[in-house]
Amino acid sequence: MGRYALSRLLAAVPTMLAIVTLAFVMLRIAPGGPFDSDRAMQPQVRAALESHYHLDEPLAFQYLRYLGQLARGDLGPSYYYRDRGVNELIAEALPVDLTIGGLALLLACLVGIPLGALAAWRGETLDRVASFISLLGVSMPVYVVAPLIILLFAVVLQWFPAGGWGGGAPRYIVLPVVSMALPYVAYVTRITRAGFLDTLQQPFIRAARARGLSTGAIVFRHALRPALVPLVAFLGPAVVGAITGSIVIENTFGLDGIGQFFVRGAFNRDYSLVMGVTVLYGLLIVLANLAVDLLQAWLDPRVRLR
Amino acid sequence: MRRWGSVLCCLLLVACGGPARSTLTPATIDARIASGHLHRHLSQSPRTLDPSLNEDVAAYSIADDLFEGLVRLDAAGNVVPGVASGWTASDAGLTWRFQLRPDARWSNGDPVQARDFVYAWRRIMDPATGSANRAQLLPIAGAEDIQAGRLPPSALGVHALDAHTLEVKLASPTPYFLYLLTLCWFMPLHEPTIAQHGATWTEPAHIVGNGAFVLQSRTASGPITLARNARYWDAGAVKLKAVTYHPVTDTAAATARFLAGDIDITDRFQIEDFDWLRRDLGPQVRLEPYLATYMMAMNVTLPPYDDVRVRQALVMAMDRDVLTGKLLKGKYSPAIGIVPPLPGYAAVLPEWAALPTEARHARARELYAAAGYSAQKPLEVRLWYPMSDADTRRLMEGIAAMWRTTLGARVRIEAEEWRAFQQNRELREHGLFYYAWTGDYPDPLTFLALPRTGGDQNHMQYSSDAYDRAVDEGMRAVDPAVRQAAYQRAERLLNADAVVMPIYYYRSKHLVRSHVQGWRESPMDRHASRELYLSRESLH
C-alpha cells in the first residue's frame, strides 16, 4: 500500500504542474492587472511596483520564478493586500474553513449515516421521512437556508451572533456549521441508504442471514463496511470542497476563509493569491482522491489497488 | 454574490413585517455601554494599514483612528487643530507655518516632531514606495516636478524649521489646503519603525501611531480591533475604550448583523431596504448628503460623440427626475451640474435645465436631427458600465429607454466585469460609459479638475484651452469671488460642451444604533471613532 501511495503521489506532480501552468496563463490573459484602480496610476509608480513584484520580466521568466518559489513552499507576496504574503493569508484563513467545513461534514455523517442506514433497514415510514429530509436538504440552496437560519436564530431569537468568527468560539460556529451541513446531511443520507440497499441484497448477506446471525451482527459486522464504499467516494471531493471554503457561507456569515480569497483574488487580479489558493485546492484534491482509494480498499476487500 | 444578498433582504423584509427588530434588551445595552467597545462595519477589508498606500475608504476610517495629522475633522466635519496647536499663512496663502504641540506623542512614547511629517510626505512622493496617491500632494511646491521625475522627493516644499515647527510651501493658494491636511496621506509616520520592519511595519506588534487609538489585533480580512491610546495627547477626550471594525462585503449581511445586534454602525445599506428599515429602526437609519456625483460620460474623440450636438441631445433627452424619483425611489437628488451642492459655491446650471420637459425633449430631437440622425438612420449607442448591483442595472435600462423613446436612438447596454471595464476605459475603447466621482476635498475643484487636459481621470479625452485656463485661474485665485467666477466660467463651458451627463448626487447610508452618541452629519462621510461614545442619553 505504501508503494502504491508513493507512486500515486509521484504521478500527481505532472497534474499539479499542469494546474499551475494553466492557472498562471489564464490569470495573465484576463484583462486588467493588480494595480489598476479608479485613480490612474502614474507610470513611474507603476514601473516601480512592477519591478518590485517582477511583473516587468518576460512572462516565461515570471513563470519559472514562480515555480522556483513554489518548490520552496513560498507562495509569494499578495499584490492586493500590500503588506501581506499569500502563505500568511492562507495560514490565517485555512483554520476557519477546516473548522467550519470539518465540523459540517462530521455533523452530516453523524446524522446522515444512521438515518440512511435506518431508512434502508426499516423501510416504509422511516424511509419516507429520510427521503423527505434529504430531498429538502438537496433542493434548498445554502443561500436560502443560511439567511433563514440567521433570521431565526440571530435576529429574532438572538441566541447566536449573525456572523463573524469570534476567534472560533462555539457560539460563532454553530450557525455556519449547521447551514453548511444541511445539504451534506441530505447527500450522505441518500448515498448511505442506496449503499445499504445494494449491500443488503448481496449473496453474502443472505448467506449470513441463513447462518442465523442477528440483525445487529449482519449490519455492523458485514454490511456496514461495503455499504459505506460509495459514501467514501463522495466524501473525498466533498471534504476538499468543505475545507477550502464555501463562498456563500463565508459571505453570509462574514467569515474570512479561503473561498473569499478565491473570488476576491480573481476580481482584484491578485495573481499570487489566486495561484496560491489554486495550488492548495489542487493539492488537497490529489490527496483526498488518494485517501479515498486507500480507504475503499480497506473497507471492501473486493477493491484492489493497482 | 448579489443574488443571496437580495434573497437575504427579501427574507428579512418578509420576516420583519411585524414589530421592530434589533431591539437589544436594556440589560444588553447597559452591558455594551459599560464595555465602552464600539463595533463598526467596513464594506471591505483595507488593503493595507499604511496611510501612504491607502486607496480604499475602509482604510481611510482606520487611518483616522490610528493617526492624526496637523489638523483633523470634528464630528460635524469642521477642521480643528490636531498635532498642530496653531498655524499662520503668509505670502498670499503660499507659505504655511505650523506650530506642533509639544505634548503630542507616538504610541511608543517618542515625541511627534516636524520631521515625521517631512518624512511621511516625501515617502509618498518617492516612486519606490509605490503609492498611487502622489497626486494628492500636488498643491505642495515641487510636487509636480517630482511627479514628472524632474526633481528628487527631497525637493518637496516641506521643511522642519525646528522640532516643533513645520513649514509648507504651496504651488498655488489652495483654499482647501487645511482640509487636505486631515487626510491620511498627510499624516506623520514614525520613520524608525518603518526602517526597522519594512513592509510589515503595520503589524499589531510593530505599528507605531499617534492617533486616539492603537492597533490591537488584525487579520487579513477579518476584524480589526483598536484600543484607546493612553499616550494620545488628548486621551482625556476619547470616551471609547475599544473599537472593532468588521469587514463585511455583503451589504445585506451587514444589515442582518446590525439587526442581530453584533454591529453598532454599518457603512451602508441597500437603498431598496430603506423603507422597511426606516419603519422598523426609525432614526437609526441615516441617509445623509455626501459629496459625490454619479454620471455618464462620453469620449469626445470617438464618433459619434465627437459631435457636440449628439452629446447635447443625449444629455437633454435624459429625465433625471424620473430616474431618481421612480427608479431610485426618491432617495437621491437629481444632478444637473458636475459639482454637488457645496456651501460657498453657487453652481451654474445649463440653460436647458430651466426648460419644461416637453420643450427640452423637442430641443434634444432638433439637435439629434441636426447631427444627421433620423428614424431611418438612428444613432447607435453602446452604453458601457461595470457590473454591480441591481440599482445600477435598472438605472442603465432607464436611461436606454429614454434615449430610445425620446430620440429614437438604438441603445445597447454592455456590462463588463470591473477590472475589464477599467482597462477598456483606460484603453479608450468606451464611447459612452459609467462615471462617478467622490470628492477628495470639499471644493468645486475636486470635480472641475476631472475633465482637464491630460488629467488622470479624464477618460472623456476632453481638451479645451478655455476650460483649462478657467480652472487654472480659479486654482490660483486668492480672492474667493474671483475664484468662484472662474469656476463658474469653467462649469459653463463644460455644460455647453456636454462632456459628462450628471445623473444624481450620492448620499451616505448608515445604520447607527441609538445608544451610539456623537454621530453628526458629515459631508465627506468621515466619522472618527474619537468623536463617538456609548450612552443612553438620548434613548427613547
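Bear in mind that the values here come from a model prediction, so they are computed numbers and not experimental data. Reckoned from all heavy atoms, side chains included, excluding hydrogens, waters and symmetry mates.
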Using non-hydrogen atoms and a 4.5 Å limit, figure out which bit of [X] sits close to chain B: side chain, backbone, both or neither.
| X | result |
| --- | --- |
| A:Phe253 | backbone |
| A:Glu92 | side chain |
| A:Arg82 | both |

With respect to chain A, which residue among [options] yields the maximal number of heavy-atom pairs within a distance under 4.5 Å?
| options | value |
| --- | --- |
| B:Glu416, B:His246, B:Glu203 | B:Glu203 |
| B:Thr202, B:Asp50, B:Val248 | B:Thr202 |
| B:Leu53, B:Asp126, B:Thr200, B:Thr129 | B:Leu53 |
| B:Gly149, B:Ala148, B:Ala128, B:Gly455 | B:Gly149 |

A:Asp83 with B:Arg218: basic N within carboxylate O range, under 4.0 Å: yes

Look at B:Glu417 together with A:Arg269 and state whether they make a salt bridge at an N to O cut-off of under 4.0 Å. yes

May I ask you to check whether over 12 heavy atoms, not counting those of [X], lie within 6.0 Å of atom [atom1]?
| X | atom1 | value |
| --- | --- | --- |
| A:His52 | NE2 | no |
| A:Tyr187 | OH | no |
| B:Met387 | CE | yes |

With sequence neighbours excluded, what pairs up with B:Trp201 under the ring pair (Phe, Tyr, Trp, His ring centres under 6.0 Å) test? none

Report yes if the side chains of B:Thr48 and A:Arg84 come closer than 4.5 Å at any heavy-atom pair, otherwise no. no

How about B:Pro247 and A:Asp256: do any of their side-chain heavy atoms sit closer than 4.5 Å? no

For B:Thr266, enumerate each residue passing the side-chain hydrogen bond (donor to acceptor under 3.5 Å, both in side chains) test, keeping only those at least two apart in sequence or located in another chain. none

Please look at B:Thr28 and chain A and tell me whether the side chain, the backbone, both or neither of the residue comes under 4.5 angstrom of a heavy atom of that chain. neither

Closest heavy-atom contact between A:Ala154 and B:Ala260? O-CB, 3.6 Å

So which heavy atom on B:Ala256 is nearest to which on A:Ile150, and how close? CB-CG2, 4.2 Å

Could you tell me which residues in residues 60-81 of chain A have at least one non-hydrogen atom under 4.5 Å from a non-hydrogen atom of chain B, sorted by residue number? A:Tyr79, A:Tyr80, A:Tyr81

Ignoring hydrogens and geometry beyond distance, is a side-chain donor-acceptor pair present between A:Arg264 and B:Gln44 at under 3.5 Å? no

When heavy-atom pairs shorter than 4.5 Å are enumerated against chain B, which of A:Gly163, A:Ala93, A:Pro43 gives the highest number? A:Gly163

Of all pairs that satisfy salt bridge (charged side-chain N to carboxylate O under 4.0 Å, His left out), the ones with a partner from residues 144-160 of chain A, not counting sequence neighbours: none

